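Quick notes on the structure that follows.
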Amino acid sequence: MIIKTTVAVVLVLLLHVTNCDAQVELSGDLEDRIRDHINALPVEGGDDYHKPTDPEFNTWGETLDFLLSGEYANAATSAAELDYDLIAFTDDDTDRLYYILENQGANYWGTYVYYPDYVIPLVVQSPHPEKDFNTGKQGAYVFKNTDAMFFFLAGTDRCNSGATVNCTGETEVCGPKGPFKKSDLAHNDSTFFQSATDTLFRRFDDTYFLQLHGFAKKDTDPYVILSNGSKEPPENDFISILKDQLQLEDGGLTFEVAHENEDWNRLIGRTNTQGRLINGSDHVCSEHANINNGRFIHLEQEKTRLRSDESGWAKVANAVESSFNQLLPVELLYFRVNSVKKGEISLEWSTLSESDNDYFWLQRSQNGKLWRNILRIKGAGNSSSQLTYSAVDRSTFDGVRYYRLKQVDFDGSFTYSAIKMVNSISPRPLQVKIYPNPTESKVTIEADGGLITQVDFFDYMSRKVSDQVVFGDLGQGSIKVDLKNLQQGIYLVMINESVSLRLIRK
């Protein structure tokens, strides 16, 4: 079960304490800005796309980590190392604040838009905005009109690069049948597009990924081909719901669904590296996934009915939103988190309806990654009227804190709300330094004003690698750390779940 926040309700949201620290603040129409990017994409054969280096991947992972943790000033600084601007963009139509990662250099790694107050945990991806006509503009429309979490836009035409990748699969889109081009982000596992997919998939266990594609319809083709990037039956059949909702939007649509028709193999995304990743392939470049968790949605569309103009895009947006509503028996009206005084946080949420809702866990984190249950509150079970819940967190920790709701059904299934962040101002936060930095092996971590009780290391893919590190005695104001087992690269060091530092292992 996924908790839903009603789109029509204006949410009362806490202030993100670092919103104003992004490098650039702009306003306008979000869709117009995306269209400007699409119009400026390098075309087929230009050979403009460049593969990121390992250090650039490290920095990209760090940038996403800061962004998702609400550390926008640090995200902007990290992004600048990659010639990206982090733009705090206010959409004039909705007055909503988005964060746009825009590449200002000549690498063309794509544009990425984050909506921290998202309603549905959906990542909309447009890997072929030029070749698959209008899927970039359609993606921006669907993202904005469903209040989704993230939007990915490729940085070039899929046929821009002259070089090819070694990943399995072939295409005739760029000329004679042959391997996929390096600039084809749906079939290349060494891209920022893939890395960002990996980060969001592993960090949020309720995210869905909608990838928009287009095809030239043959007489034997339907108007829509739906798949999860696998022929296996899905663990969670979101696609069947989406098919029904698209049919309601346009009764003239015809369909093929990959896991429903064993004989259908055309355009089902089995070589898509994002789909392979999400479905658990051990080698996403070379092997099909042998499971189907249902969280990757590969939508192939004939041009005229869904892709050609805004009326078609609206059909897709409406169907996507309605499909999520089918998964959302608990309809969350709002979730408010406010700092009342130092060390005391007031929390309140309200539901419009509930179905099989056993209880809520109120969860807290000091870094947005590691969560602890702090209070269990009984749900109403089944209700069709508005209900309000409240709680007070009187913990002793000062500084930035993150909260979310874990809603649990009677059958044990569960899902999470969007994450809310609040700052309880500390008179003297823990001051930490790490040296030497960069280092070849050993470092000292030193705290001023407290003891070091926990240290965690994360790589650029947001994976914890602390088991590869040899620590000195914790519980001291200064500890020695041996990094001899860590590979060279950039790491995020989290101290006491509250202070994060960047470390370079030479």
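All values derive from a computational prediction rather than experimental measurement.
By the side-chain hydrogen bond (donor to acceptor under 3.5 Å, both in side chains) test, D205 pairs with no residue at all, sequence neighbours left out. Qualifying side-chain hydrogen bond (donor to acceptor under 3.5 Å, both in side chains) partners for S126, counting only residues two or more places apart in sequence or in other chains: none. Taking D93 as the reference, K144 meet the salt bridge (Lys or Arg N to Asp or Glu O under 4.0 Å) condition, with sequence neighbours excluded. Take S281 and apply the side-chain hydrogen bond (donor to acceptor under 3.5 Å, both in side chains) test, not counting sequence neighbours, and it matches no residue. Partners of E260 by side-chain hydrogen bond (donor to acceptor under 3.5 Å, both in side chains), not counting sequence neighbours, listed by chain and number: S240.
Among residue pairs with one or both ends in residues 176-204, those qualifying as ring-ring contact (aromatic ring centres under 6.0 Å, His included) are F57-F192, W60-F192, W109-F192, F152-F193, F180-H187; sequence neighbours excluded. Applying the salt bridge (Lys or Arg N to Asp or Glu O under 4.0 Å) definition to pairs two or more places apart or across chains, those involving residues 166-189 are R158-D184. Judged as a salt bridge (Lys or Arg N to Asp or Glu O under 4.0 Å), the pairs with a partner in residues 209-231 (not counting sequence neighbours) are, in order, D221-R266. Listed by first and then second residue, the disulfide (SG to SG under 2.5 Å) pairs involving residues 101-131 amount to none (not counting sequence neighbours). Within the structure, ring-ring contact (aromatic ring centres under 6.0 Å, His included) contacts touching residues 244-290 (residues at least two apart or in different chains) do not occur. Residue pairs that meet the salt bridge (Lys or Arg N to Asp or Glu O under 4.0 Å) test with at least one member in residues 101-115, sequence neighbours left out, are R33-E102. Here disulfide (SG to SG under 2.5 Å) pairs that include residues 192-274, with residues two or more places apart or in two chains, number zero.
For the pair L82/N103, no side-chain contact is recorded, criterion being any heavy-atom separation below 4.5 Å from C-beta on. With a 4.5 Å cut-off on side-chain heavy atoms, L226 and L299 count as touching.
Taking the charged nitrogens against the carboxylate oxygens, D157 and K131 do have a contact shorter than 4.0 Å, which makes a salt bridge.
A donor-acceptor contact under 3.5 angstrom links the side chains of T273 and Q194, judged on distance only. In this structure, a donor-acceptor pair under 3.5 Å is present between the side chains of D91 and T94.
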Determine whether Y114 and F150 satisfy the following criterion, ring pair (Phe, Tyr, Trp, His ring centres under 6.0 Å), listing intermediate values before the conclusion.
CA-CA 5 Å; Y114 175 46; F150 242 105; 5.1 Å; yes
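Taking the six-membered ring for Trp and the full ring otherwise, Y115 and Y98 have centroids separated by under 6.0 Å.
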